[in-house]
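Each chain gets a letter, A, B and so on, in the order the sequences are listed, and its residues count up from 1.
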Amino acid sequence: MRYDHATLEKKWQERWRAEAPFAAPDRPTGKKAYVLDMFPYPSGQGLHVGHPKGYTATDVVARKRRAEGWSVLHPMGWDAFGLPTENYAIKVQKNPKEIAAANIDNFRRQIQSLGFSYDWTREVNTSDPSYYKWTQWLFLKLYERGLAYKAKAPVNWCPKDQTVLANEQVVNGCCERCGTPVEQKELSQWFFRITAYADRLLAGLEGIEWPERIKAMQRNWIGKSTGAEIAFAGVTESGEEFSVPVFTTRPDTLYGVVAVVLAPEHPLVATVTAPAFRDRVEAFVTEAAAKAERERTESVQKRGTALGVSVRHPLTGANIPLWIADYVLPQYGTGAVMVVPAHDDRDWAFAEAYGFDPLFVIAPPAGIQHGEGAYTGEGIMVNSGPYDGIVNAQAATDIVDALVAVKAGTRAVHWHLRDWLVSRQRYWGAPIPIILCDDCGEVPVPEKDLPVELPDDVDFRPTGESPLARSASFHDVSCPRCGNPARRESDTMDTFVDSSWYFLRYCSPTEDDRPFDPALVAAWCPVDLYVGGAEHAVLHLLYARFVTKVLFDVGALPFDEPARTLRNVGLILGEDGEKMSKSRGNVVNPDDVVAAHGADTFRIYEMFMGPFEDAAPWNEQGIVGVRRFLERAHGLAENVGQASDAALHRLTHQTLAKVSADIEGFRFNTAVSALMILVNAFGKAESVPQQDWETFLQMLSPFAPHLAEELWERLGYDESVARQNWPTADAALLVEDEMKIVVQVDGKMRDALIVPAGIDEESLKGRVLASEKVQTWIRGRHIEKIVVVPGKLVSIVLQKAA
RNA sequence: GCUCCCGUGGUGGAACGGUAGACACGUGCGCCUUAGGAGCGCAUGCCGCAAGGCGUGGGGGUUCAAAUCCCUCCGGGAGCACCA
């Protein structure tokens, strides 16, 4: 019988569609596993071969868990709002709704063609009013708690997409979506106060099993700096007193300050600059303003100019010149720094350019020379008055204490994280549920009026203002508070708001009068295993953590981290080793792979490519080997018999132990390899013992569910192989009666002996020394020692020849 | 520039400090076949007829034993990049 993957896979997929055997129970009974993929953005291009790599991994785990008797929630849905769909809709002059629906249908068809065991009864779509109603509810919850606010602030503006962007969505100064350089604009926008959660977002990383790399990126993004805010007081030429607050993480270097430098944008610049310096300073400020932030921050040169005024050192009273320089950024810290060239690389460069002498206040450890650059390490204090002779860490504490005592400083913490800008001047997103009333100001839309639905009567083209602002039917409303005519907020929300809570919706996807059933969420969540790409490290994964913590505080959730374990799926590259892209012409279409080789082959190939987390190039040749493996397995079904075979039985159980452990450890490549070895052994046997064959099919079923079901059915069983209990490896069979002992002489392998498993050390040594081969290597030499590693090897060390 | 990760056959990759190269691709030879192959068998790190020697980016070290641990250099990737 031929292995006709197309017919066979169609048969099983139809059955799964009709019978929904993978629907999760309403609530878990016993152990539960919530196994989640990052839901896809249903783009017009269709599924990428990279998607099924993560989906297959979660499917293998989900199927194994079910076989182990756990309640499993394994859902799929669509992150359907967003720019690419909207832009395409504008291009073809259709409503984005239609485009999104078509894309979703295509994605669903493609994903279902791969036989994943999703619970399709729980599908969610973020662009559906029944979903975004609750995204709007989430906005209101944040608003109620003062965590959503509108403010005028300098924001990132993408001139191509005609919308503002969150900091997380600006990569190297460019729009994350389209690559256009981002401009700074002063605009009134909606923000989520994620900064209020900075410390908890940092602390929470300790308790979750996420890749260190992702945690490091989040830590870095949150960017906690501990130090001091120090006031440097001064007097202008006209006699007015002023004070410059400076943030530093190195108060220990305070005695090494040679200048204080402000950002060119600092408000004090206008009021303290000495009249004689004004022209030069103004020219410098204008020039700095003209430069894009990128240009300014990329230069290694530290350019600046003096303001012609001094400030006093808070502890020594010494006069310290006040400057401005382009390397000081207005948004970070206090927008002012103390310049310590001896112990900071940037300050060193600045001092070199303008002739300040470095003043060393920390003696480097012996052997390290001063003078060739800044010394940023630890050491003993020097040139620091009363602090000389103590270690710098202690000096940092003592100096801040002294500053506090004279009211010239305080301990301070600064964060890199900034509030999440969530407004978008675009159509295809969830409308922000706020009404703007001339009398009452901002009025939240009452919950009973949700959802605020997207109007259809609009011109979608972006103009820099939300297209919603041009729909009279949308924006003309009466104020819910006073009843007077008012206007709806016309911006929509960042799509990352939609995806920040979707994993909660899967627990009770049809709830109509609340976002989720708290009891069901408490029963299923948090997510036990979350799989997706690393590109979301400081986007979705940070936002989801933030929102989870907010909902925890609201009392809606009994946990405050969304996912216990996170795994990153490695990229699949084109055959040329480059990222797949249309322009390179190296894109592999999953539909073609399924048609040519079958879904099971596709799934196993992606698992077999290499370590799950590594990037790996596609190889059309390589897929053939997997296909052959399944062909062979298929062929073996005709040779299943009742006779038993001790060696095959043992190998089957050894394979079972390995495959089980490898799935747990995400080592799918070696699990597949073990299955191949077993099939090769079955192929060499007279006939395949039915008992071992069944065990094999059970192990195969998470990887190649269609073929496994088919061959299981051929054994005459009515019940699906997916419903069988995951077998347990027989420990007795994992231990061999005989073992191979490697013999090394002076570290080189010289022989290998087969000995009984229970052999004692003395007899083993005897057997080893009796070996002919070993004798030829030790003849005429004295043995210094013999190292015995039980069950592994014997290492003979000879005395050095004279 | 800083931080982290990684360098193993022609290729993707295996290898609790203990037989380096599992498994698979490719290649070679042979077989089945009218023929073809995404079929079957055997071989396949390098040098060597063999015995044996050499081999995990280069150099050094620790160890009875190093792909694995330490130092250093080279190469590649990722993240951060004036975070005061």
Residue A:Thr670, side-chain atoms from C-beta onward, closest of B:A14, B:A24, B:C64: B:A14

In Watson-Crick or G-U wobble terms, with both distances under 3.5 Å, the base opposite B:G55 is none

Nearest 0.5 Å, please: how far is OG1 in A:Thr253 from CE in A:Met338? 3.5 Å

State whether A:Lys748 and A:Asp746 are salt-bridged, where the test is any N-O pair (Lys NZ or Arg NE/NH1/NH2 against Asp/Glu carboxylate O) under 4.0 Å. no

Which part of the nucleic acid does A:Ala674 contact within heavy-atom distance under 4.0 Å: base, sugar-phosphate only, or nothing? nothing

Base, sugar-phosphate, or nothing for A:Val797, non-hydrogen atoms under 4.0 angstrom? sugar-phosphate

Atom NZ of A:Lys53 and atom C1' of B:G12 are separated, to the nearest Å, by 11 Å

Given B:C64, B:A38, B:G12, which nucleotide is nearest the side-chain atoms of A:Phe608? B:G12

Please give, in whole Å, the distance from B:A84 C1' to A:Ile324 CD1? 17 Å

Once you apply the 3.5 Å cut-off to both distances, tell me the Watson-Crick or G-U wobble partner of B:C49, or none. none

Can you measure A:Phe629 atom CZ to B:C25 atom C1' for me and round it to whole angstrom units? 16 Å

Nearest of B:C23, B:G26, B:U19 to any side-chain atom of A:Val742? B:U19

Using the P atom in both, what is the distance from B:U33 to B:G45, to the nearest Å? 31 Å

Separation of B:A78 P from A:Glu613 CD (nearest whole Å): 17 Å

Does A:Arg767 reach the main-chain N or O of A:Ile754 with its side chain, forming a donor-acceptor pair under 3.5 Å? yes

Looking at the side chain of A:Pro617, which of B:U19, B:G12, B:C40 is the nearest nucleotide? B:G12

Using atom P of each nucleotide, how far apart are B:G55 and B:C73 to the nearest Å? 24 Å

Report yes if a side-chain nitrogen or oxygen of A:Arg750 is closer than 4.0 Å to either non-bridging phosphate oxygen (OP1 or OP2) of B:G53; otherwise report no. yes

Options B:A81, B:G12, B:C64, nucleotide nearest the side-chain atoms of A:Ser795: B:C64

Are more than 12 heavy atoms from other residues, nucleotides or ligands located less than 6.0 Å from atom CD of A:Glu664? yes

Does A:Lys792 contact B:U19 through a side-chain donor or acceptor facing the base, at a distance under 3.5 Å? no

Looking at every strand, decide which applies to A:Asn680 at a 4.0 Å heavy-atom threshold: base, sugar-phosphate, or nothing. sugar-phosphate

Expressed as a whole number of Å, how far does the C1' atom of B:G13 sit from that of B:G7? 14 Å

So, is A:Arg628 near the phosphate of B:C40, with a side-chain N or O under 4.0 Å from OP1 or OP2? no

Among B:C80, B:U19, B:A24, the one nearest any side-chain atom of A:Asn220 is B:C80

Pairwise P distance, B:A14 and B:G79 [rounded to whole Å]: 23 Å

Got a donor-acceptor pair under 3.5 Å from the side chain of A:Glu631 to the base of B:G39? no

Determine whether A:Lys53 and A:Phe612 make a side-chain contact, defined as any pair of heavy atoms from C-beta on separated by less than 4.5 Å. yes

Look at A:Arg627 and B:C25 and indicate whether a side-chain polar atom (N or O) is within less than 4.0 Å of OP1 or OP2. no

Nearest to the A:Ile677 side chain among B:C54, B:A22, B:A84, which nucleotide is it? B:A22

Report which part of the nucleic acid A:Asn669 touches: base, sugar-phosphate, or nothing (heavy-atom distance under 4.0 Å, all strands). sugar-phosphate

In short, A:Asn392 meets A:Gly377 closest at the heavy-atom pair ND2-O, 4.3 Å

In this structure, is the centre-to-centre distance between the rings of A:Tyr605 and A:Trp618 below 6.0 Å? yes

If the P atom of B:G53 is compared with that of B:C70, how far apart are they to the nearest Å? 30 Å

Work out how far the P atom of B:G59 is from that of B:U8, and round it to whole angstrom. 16 Å

My understanding is that a pair needs two contacts under 3.5 Å, Watson-Crick or G-U wobble. By that rule, which nucleotide pairs with B:G17? none

Pairing partner (Watson-Crick or G-U wobble, both distances under 3.5 angstrom) of B:G41: B:C29

Centroid-centroid distance, A:His313 to A:Tyr255, less than 6.0 Å: yes

Base, sugar-phosphate alone, or nothing: which one does A:Met749 contact when heavy atoms must sit under 4.0 Å apart? base

Tell me what A:Lys740 touches on the nucleic acid: a base, only sugar-phosphate, or nothing, going by heavy atoms under 4.0 Å. base

Considering only B:A84, B:C23, B:A38, which nucleotide approaches the side chain of A:Thr249 most closely? B:A84

Using a heavy-atom cut-off of under 4.0 Å over every strand shown, decide if A:Val787 touches base, sugar-phosphate, or nothing. base

Expressed as a whole number of Å, how far does the C1' atom of B:G48 sit from that of B:G37? 38 Å

Pairwise P distance for B:A66 and B:G21, with rounding to whole Å: 16 Å

Please report the distance, rounded to the nearest Å, between CH2 in A:Trp415 and P in B:A84. 13 Å

The single option from A:Leu417, A:Leu542, A:Leu202 passing side-chain contact (heavy atoms from CB on, under 4.5 Å) against A:Gln218: A:Leu542

A:Ala336 vs A:Val538, nearer the 5' end of RNA chain B by closest nucleotide: A:Val538

Watson-Crick or G-U counterpart of B:G12, or none if no pair lies under 3.5 Å: B:C23

Nearest-nucleotide comparison on RNA chain B, the residue closer to the 5′ end among A:Met217 and A:Val672: A:Val672

Nucleotide B:C64, atom C1' - distance to CG of A:Leu798 in whole Å: 10 Å

Syn/anti state of B:G9 by chi, 90° boundary around 0: syn

A:Asp576 CG to B:G12 P: how many Å, rounded? 14 Å

Determine, for A:Arg219 against A:Glu212, whether the closest basic-nitrogen to carboxylate-oxygen distance falls under 4.0 angstrom. yes

Have a look at A:Gln744 and say if it touches a base, only the backbone sugar-phosphate, or nothing, with a 4.0 Å heavy-atom cut-off. base

Have a look at A:Arg667 and say if it touches a base, only the backbone sugar-phosphate, or nothing, with a 4.0 Å heavy-atom cut-off. nothing

Among the candidates B:A24, B:C42, B:C25, find the nucleotide nearest to the side-chain atoms of A:Lys684. B:C42

Of all the choices, B:A84, B:G39, B:G52, which nucleotide is nearest to the side chain of A:Leu329 once you look at every atom? B:A84

Partner of B:G1 under the Watson-Crick or G-U wobble criteria, both distances under 3.5 Å, comes out as B:C80

Atom CG of A:Leu793 to atom P of B:G18: distance rounded to whole Å? 9 Å

